[in-house]
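Start at 1 with the first residue, then count along the sequence.
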Amino acid sequence: MSTAVDVPRKRHARRPGELLKAYVGLIKPRVIELLLVTTIPAMLLAERGIPSPWLVIATLIGGTMAAGSANALNCVADADIDQVMKRTRARPLVRHTVSNRHALVFGIVLGVGSFAWLWATANLLAAALAVGTILFYVFVYTLVLKRRTAQNIVWGGAAGCMPVVIGWAGVTGRVDWPALVMFGVIFFWTPPHTWSLAMKYKDDYERAGVPMLPVVAEPTYVSRQIVAYTWLMVIWTLLLVPATGWLYAAFAVLAGAWFLLLAHRLHAATKHGEKTKPMKLFHMSNTYLMIVFVALAVDSALSLPVLGWPM
């Protein structure tokens, strides 16, 4: 159960610059970075070259609107949690720089706008996938899973995997197996990424009544799960090799080995009762994802010979 804490109250923003900053905060721009890191490589792979620059820009704009919509609506639904957690107490709704009602309207307008924009500039499938992602993130993850199960980010994290599918659909007008493999890479990446953060902010989540895995399980079980999902993630990246060239394959193996080493080190330290640095794995997980998808982008943009299936 959430416990109220003293939060600096601030009246609704009045100056244009202050108001703009508050609304930008609602869409969580740092979270949207994942969109940029994964969508462009997915579109390059779908084209196996460089697609129309306008299509790429249009898809990024529509995807940013969709992600911003989901994040703003998440802020409305989680306002009580954000008020309790130290990590989120500077968010606009907690500081009352934007009202809940205005944030709700803002999120809905962004969502409707993303659908109209993607339909007009890409295709109906990409637009429909974007709206489906918003609805899943808000109604399935935020309102159902987040406060009820320690597996919340495992299944709820599927929303964060959708930018690659939307990008692929924007280019091809359909969803093919490489898009699903990229979806799986991010799906298995999400638990190590999020649980390492939750290990650091365990007390925050516990205070807010959010049953993140580090809150309800022993540290060694959490680190073991991080290792397991890391192995699944690295193996999954290799499933994309038949659709790519040697450059992607090399970086997928090397970056994967590096991430596995970090995950195993975290588990070993946890198992032996040593002081751990889970935030190191958290930050490195972002770097890992960037390396893998940038390698995919370069490999695709250069149209390197596809390795294909071994048989």
* To do: For atom CD1 of I50, decide whether the heavy atoms of other residues, nucleotides or ligands shown that lie under 6.0 angstrom number more than 12.
  => no

* Parallel under 30°, tilted from 30 to 60°, perpendicular over 60°: which one fits the rings of F188 and Y229? -> tilted

* Asked: Are any of the side-chain heavy atoms of F115 and L110 separated by less than 4.5 Å?
  -> no

* **Side-chain touch R207/K86, heavy atoms, less than 4.5 angstrom** => yes

* Asked: Does the side chain of I186 reach to within under 4.5 Å of the side chain of T38, using non-hydrogen atoms?
  -> yes

* Donor-acceptor pair, N152 side chain versus Y141 backbone, under 3.5 Å? -> no

* To do: Of all the heavy-atom pairs spanning T133 and A159, show the shortest one and how long it is.
  => CG2-O, 3.4 Å

* Structure fact -> side chain to side chain contact (heavy atoms under 4.5 Å, CB included) test vs L45 passes for just one of V171, D299, L240, namely L240

* Asked: Less than 4.0 Å between a side-chain N and a carboxylate O, is that true for R174 and D176?
  -> yes

* Asked: Should Y201 and V215 count as side-chain neighbours, where that means a heavy-atom distance under 4.5 Å?
  -> no

* To do: Determine whether L247 and V298 make a side-chain contact, defined as any pair of heavy atoms from C-beta on separated by less than 4.5 Å.
  => yes

* To do: Spell out, as yes or no, whether a donor-acceptor pair under 3.5 Å connects the side chain of D78 to the backbone of I81.
  => no

* Side-chain contact, heavy-atom cut-off 4.5 Å: N71 with V31? -> yes

* Spacing of NZ belonging to K271 relative to CD belonging to E218, to within rounding of 0.5 Å -> 15.0 Å

* I would like to know whether V154 and T190 meet side-chain contact (heavy atoms from CB on, under 4.5 Å); could you show each step before the answer? => CA-CA 7 Å; V154 175; T190 302; over 6 Å; no

* **Output field: ring centroids F187/W155 closer than 6.0 Å** => yes

* **L304 side, atom CG; R48 side, atom CZ - distance, nearest 0.5 Å** => 6.0 Å

* Pair D82 + R91: basic N to acidic O under 4.0 Å -> yes

* Does T149 reach the side chain of V144, with side-chain heavy atoms less than 4.5 Å apart? -> no

* Test item: T97 side-chain N/O and P92 main-chain N/O as donor-acceptor pair under 3.5 Å -> yes

* To do: For residues C75 and L93, report the shortest heavy-atom separation together with the two atoms involved.
  => O-CD1, 3.4 Å

* Where is the tightest heavy-atom contact between G62 and S114, given as atom of each residue plus distance? -> O-CB, 3.5 Å

* Judged by atom type as modelled, is there a donor-acceptor pair below 3.5 Å linking the side chain of T142 to the main-chain atoms of F139? -> no

* Closest heavy-atom pair and its distance - S69, G107 -> OG-O, 2.6 Å

* Asked: Which distance, rounded to the nearest 0.5 Å, do you find between the CD1 of I226 and the CZ of R224?
  -> 11.5 Å

* Asked: Honestly curious: do V306 and V241 fall in one hydrophobic cluster under the side-chain, below-4.5 Å linking rule?
  -> no

* Asked: Checking W195 side chain against P214 main chain: does a donor-acceptor pair fall under 3.5 Å?
  -> no

* Determine, using ring centers only, whether F106 and Y23 are less than 6.0 Å apart. => yes

* Roughly how far, to the nearest 0.5 Å, is CZ of R101 from CG of L104? -> 9.5 Å

* Asked: Is the backbone N or O of H193 less than 3.5 Å from a side-chain atom of S196, with the two atoms forming a donor-acceptor pair by type?
  -> yes

* Looking at D203 and R87, does any basic side-chain N land under 4.0 Å from a carboxylate oxygen? -> no

* To do: Look at the rings of W231 and H264 and say which category their plane angle falls in: under 30° parallel, 30 to 60° tilted, over 60° perpendicular.
  => perpendicular

* Over all heavy atoms of both residues, which pair between L239 and W177 is shortest? Give the atoms and the distance, please. => O-CZ3, 3.5 Å

* T194 side chain to P191 main-chain N or O, any donor-acceptor pair under 3.5 Å? -> no

* Structure fact -> Rounding to 0.5 Å, atoms CZ (R95) and CZ (R89) come to a distance of 10.0 Å

* Start with the C-alpha gap between W258 and T287, add the side-chain angles, then the distance that decides, and say whether side-chain contact (heavy atoms from CB on, under 4.5 Å) holds. => CA-CA 11 Å; W258 170 60; T287 303; 4.1 Å; yes

* Hey, could you give me the CH2/CD distance between W168 and E47, rounded to the nearest 0.5 Å? => 10.0 Å

* Does W189 reach the main-chain N or O of L289 with its side chain, forming a donor-acceptor pair under 3.5 Å? -> no

* **Backbone N/O of F282 and side chain of S285: donor-acceptor pair under 3.5 Å** => yes

* Apply the test side-chain contact (heavy atoms from CB on, under 4.5 Å) to residues T244 and L296: give CA-CA distance (whole Å), side-chain angles for both, the deciding distance (0.1 Å), then the verdict. => CA-CA 8 Å; T244 60; L296 177 62; 3.6 Å; yes

* To do: Measure across I134 and G111 and return the closest heavy-atom pair with its distance rounded to 0.1 Å.
  => CD1-CA, 3.8 Å

